[in-house]
Amino acid sequence: MPEKVPPDFADAAAIPAEGVTESERYLAKLCRHSFLSLWSYPGVFRDQGRPAGKGDGKEVCDLLVVFENHVIIFSDKDCKFGDGGDLEVEWARWFKKAVRNSAQQVWGAERWIRQFPNRLFLDRRCTIPFPINLPNPNKAIFHRVVVAHDASRACKERLGGSGSLMLDSSLAGDSHFSHMPFTIGQIDIDKGYVHVFDDTTLKIVMSTLDTISDFTAYLTKKERFLTGDRVVWAAGEEELLAIYLRKLNDSGEHDFVIDGNYDVLSFQEGFWEAFLRSPERQAQIESDRVSYSWDKLIEKFAFHAMSGTQYFTSGRPLREQEVMFRFLAREPRTRRRMLATSLHEVLERSIDTKTWSARVMQPLNSGFPHYVFLFLKRRPELTDEDYRGIRKNLLSDYCHVAKLKFPEATDIIGIASEAGLPSRRSEDLMYLDVSSWSPAQAARAKEIQNRFGLLRRVKSGAAREHEYPVDHRGKPRRVTPSRNSPCPCGSGKKFKRCHGADVSGS
């Protein structure tokens with residue numbers, strides 16, 4: 001049976017709510033898919049200065065995402081766009097209710113979080129504190145997002161097209177009321193940029209940029225692009241997204257790279273559709289399927305930490321353990337594909353092993369961890385307790401020897417499970433901070449290596465994972481596991497029956 005944790009660590013109440021309205025529940029579902037449950041919280045409240053449990057608090061925002069220094073504040077408003085009246089009048093009414101009022105909520109939430117980061121709660125009675133640490137206000141990067149519903153429907157009926165709101169960076173403040181309807185600029189230049197998503201673009205953006213790293217990178221660079229000296233007009237958010245995904249800056253990151261010096265930039269319809277139809281995008285979607293098993297692993301580890309059902313516990317509160325899970329969630333989608341594929345390869349190799357199969361994955365960039373993947377054979381004579389104890393110790397030994405083998409490592413994450421395809425599967429997660437490494441620790445790691453022969457004969461290999469895997473003939477390159485091989489998520493099912501059946505992306 002899983003070991004229960006002490007009452008002060010039992011964060012079962014930290015499991016996020018689902019949202020109140022249908023649109024809020026949909027937003028929560030998208031955010032859990034993109035940012036995962038440990039970092040996405042619908043319906044966050046403030047205590048209004050009252051003692052805990054003494055009266056209801058006030059809702060801060062409809063959904064809050066916190067990850068490292070990034071804070072994403074969502075306000076979700078489902079306001080009906082009038083059909084029968086004058087279009088300009090109906091637009092002004094809808095904009096005021098759905099966009100400007102929502103922006104006021106977002107700015108208010110930002111002010112509260114900056115001033116009182118320790119006075120956020122998950123329940124209206126303000127008895128369940130926000131479970132993870134918020135960043136220092138001086139280092140926090142705030143992303144303000146308004147999700148405004150129903151204008152997309154009206155835009156399709158009146159103007160045709162995809163229904164997404166147009167973007168015009170020259171628009172600001174009250175000029176929205178007199179400008180062409182269905183066009184968004186800066187809601188208030190002095191209060192910070194607000195991203196406005198409609199029914200069309202919400203799903204497009206969040207299902208395409210579906211990791212916290214990919215999503216926040218886009219918001220940051222889009223904001224910089226639209227608040228510069230040039231006037232930028234776009235037929236919709238998806239057209240900007242297509243430009244962003246097609247270009248790389250000098251650092252090899254997606255960005256709005258525009259050749260030439262222009263005062264005005266205009267992006268008409270068609271860029272997004274062309275991107276969707278491209279063989280590169282089709283190959284990316286196919287290749288990314290395996291990466292979602294990495295997401296599933298994170299969710300499984302985080303769920304047991306949040307619900308207090310971990311097998312091995314350290315007694316540390318969730319806000320301290322979150323640092324370990326954060327390493328896994330920081331990985332962008334293409335890197336998750338590479339990690340999941342490697343994890344699958346070690347698992348598949350373990351089917352025929354008599355003992356265990358292991359691999360060390362080195363990071364591609366500084367600040368990211370080294371990973372140790374271990375699959376240990378479960379011997380039938382061992383109890384669950386004995387087997388899990390042996391596996392935990394072996395994983396720890398591997399992680400320490402990995403530091404010996406790769407002295408540049410500063411953080412090491414170990415992931416272990418049963419070898420082969422057992423009827424029952426469990427997983428262990430371990431984190432070692434090895435930024436400081438004493439001679440005594442090095443000697444201990446050397447002793448372990450000599451005793452057990454760990455990582456003595458390491459086969460080094462360099463691999464590059466292309467975001468858009470297309471060969472020299474322009475044809476998609478398959479990098480996913482075979483359909484009949486075991487799924488790397490650890491479900492015990494064949495890949496075609498598990499994550500191979502998922503279709504991700506737009």
Enquirer: For residues Ser291 and Arg335, is any side-chain donor paired with an opposing acceptor at under 3.5 Å?
Expert: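 Result is no, nothing qualifies.
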Enquirer: What I want to find out is whether Glu237 reaches Lys222 closely enough, with some N-O distance under 4.0 Å, to be called a salt bridge.
Expert: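 Yes, Glu237 and Lys222 are salt-bridged.
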Enquirer: Verify, without hydrogens or angle tests, whether Arg333 (side chain) and Leu209 (backbone) share a donor-acceptor contact under 3.5 angstrom.
Expert: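 Checked: no pair found.
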Enquirer: Main chain of Pro332, side chain of Thr211: is a donor-acceptor contact present, judged purely on distance under 3.5 Å?
Expert: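 Between the backbone of Pro332 and the side chain of Thr211 there is no qualifying donor-acceptor contact (under 3.5 Å).
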Enquirer: Does NZ or CZ of Arg246 fall inside the cone over Phe271's six-membered ring, less than 6.0 Å from its centre and within 45° of the axis?
Expert: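 The answer is no, since Arg246 fails at least one limit relative to Phe271.
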Enquirer: Using a distance-only test with no angle check, is there a side-chain donor-acceptor pair under 3.5 angstrom linking Ser37 and Glu299?
Expert: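 Side chains of Ser37 and Glu299: pair found under 3.5 Å.
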Enquirer: Is the closest basic N to carboxylate O distance between Arg378 and Glu418 below 4.0 Å?
Expert: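 Here Arg378 pairs with Glu418 in a salt bridge, since their nearest N and O are under 4.0 Å apart.
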Enquirer: Taking atom types as modelled, is there a side-chain donor on Ser162 or Glu238 under 3.5 Å from an acceptor on the other?
Expert: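 Checked: Ser162/Glu238 side chains pair up, N/O donor to acceptor below 3.5 Å.
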Enquirer: Under 6.0 Å between ring centres: does that hold for Tyr371 and Trp294?
Expert: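 Between Tyr371 and Trp294, the centre distance is under 6.0 Å.
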Enquirer: Which atom pair, heavy atoms only, marks the closest approach of Leu240 to Leu167?
Expert: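 Heavy-atom minimum between the residues: CD1-CD1, 3.4 Å.
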Enquirer: Would you please classify the geometry between the Phe275 ring and the Trp272 ring as parallel, tilted or perpendicular, with 30° and 60° separating the classes?
Expert: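 Tilted, since the angle between the ring planes falls between 30° and 60°.
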Enquirer: Measure from the ring center of Phe35 to the ring center of Phe67 and say whether it is less than 6.0 Å.
Expert: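 They do not qualify: ring centres at least 6.0 Å apart.
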Enquirer: Answer with yes or no whether the side chains of Ser357 and Arg349 bring together a donor and an acceptor at under 3.5 Å.
Expert: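 Short answer, yes.
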Enquirer: Between the side chains of Arg153 and Asp199, is the shortest nitrogen-to-carboxylate-oxygen separation below 4.0 Å, so that they form an ion pair?
Expert: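 So Asp199 does not pair with Arg153 through a salt bridge.
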Enquirer: I need the single residue from Asp76, Asp62, Asp150 that forms a side chain to side chain donor-acceptor pair (under 3.5 Å) with Ser23. Which is it?
Expert: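 Per the side chain to side chain donor-acceptor pair (under 3.5 Å) rule, the option paired with Ser23 is Asp76, out of Asp76, Asp62, Asp150.
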Enquirer: Would you find a donor on one side and an acceptor on the other, under 3.5 Å apart, between the side chain of Ser350 and the backbone of Thr353?
Expert: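 It does not hold such a pair.
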Enquirer: Start with the C-alpha gap between Phe182 and Phe81, add the side-chain angles, then the distance that decides, and say whether ring-ring contact (aromatic ring centres under 6.0 Å, His included) holds.
Expert: CA-CA 11 Å; Phe182 306 114; Phe81 195 103; 5.3 Å; yes
Enquirer: Please check if the side chain of Lys156 supplies one atom and the backbone of Gly160 the other of a donor-acceptor pair under 3.5 Å.
Expert: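 No; zero donor-acceptor contacts below 3.5 Å.
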Enquirer: Listed by chain and number, what are the salt bridge (charged side-chain N to carboxylate O under 4.0 Å, His left out) partners of Arg359, not counting sequence neighbours?
Expert: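 So Arg359 forms a salt bridge (charged side-chain N to carboxylate O under 4.0 Å, His left out) with Glu345.
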Enquirer: With no hydrogens and no angle check, do the side chains of Thr201 and Asp198 hold a donor and an acceptor under 3.5 Å apart?
Expert: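 There is such a pair between these side chains.
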Enquirer: Step by step, work out the ring-ring contact (aromatic ring centres under 6.0 Å, His included) result for His33 and Tyr292.
Expert: CA-CA 10 Å; His33 171 75; Tyr292 293 93; 5.8 Å; yes
Enquirer: Does the distance from a Lys or Arg side-chain N to an Asp or Glu carboxylate O, for Arg337 and Asp288, drop under 4.0 Å?
Expert: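 Asp288 and Arg337: salt-bridged.
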Enquirer: With no hydrogens and no angle check, just 3.5 Å: does a side-chain donor-acceptor pair link Glu465 and Thr334?
Expert: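 The criterion, which ignores hydrogens and geometry beyond distance, is not satisfied for Thr334 and Glu465.
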Enquirer: How many angstroms lie between atom CZ of Phe197 and atom CG of Leu27, to the nearest 0.5 angstrom?
Expert: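 Here the interatomic distance stands at 10.5 Å.
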Enquirer: Do the two ring centres, one from Tyr244 and one from Tyr218, sit under 6.0 Å apart?
Expert: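 Under 6.0 Å, so yes.
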Enquirer: Is Lys377 salt-bridged to Asp352, going by a charged N under 4.0 Å from an acidic O?
Expert: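 Salt bridge absent between Lys377 and Asp352.
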Enquirer: Determine, using ring centers only, whether His143 and His70 are less than 6.0 Å apart.
Expert: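 Yes, ring centres under 6.0 Å apart.
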Enquirer: My understanding is that only one of Lys392, Arg388, Lys300 makes a salt bridge (Lys or Arg N to Asp or Glu O under 4.0 Å) with Asp428; could you say which?
Expert: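 Of all the options given, the one that passes is Arg388.
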Enquirer: State the CD-NE2 distance between Glu467 and His254, to the nearest 0.5 angstrom.
Expert: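 It comes to 3.0 Å.
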Enquirer: I'd like to know whether the aromatic ring centres of Tyr468 and His466 sit less than 6.0 Å apart in this structure.
Expert: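 Aromatic pair excluded; centres sit 6.0 Å or further apart.
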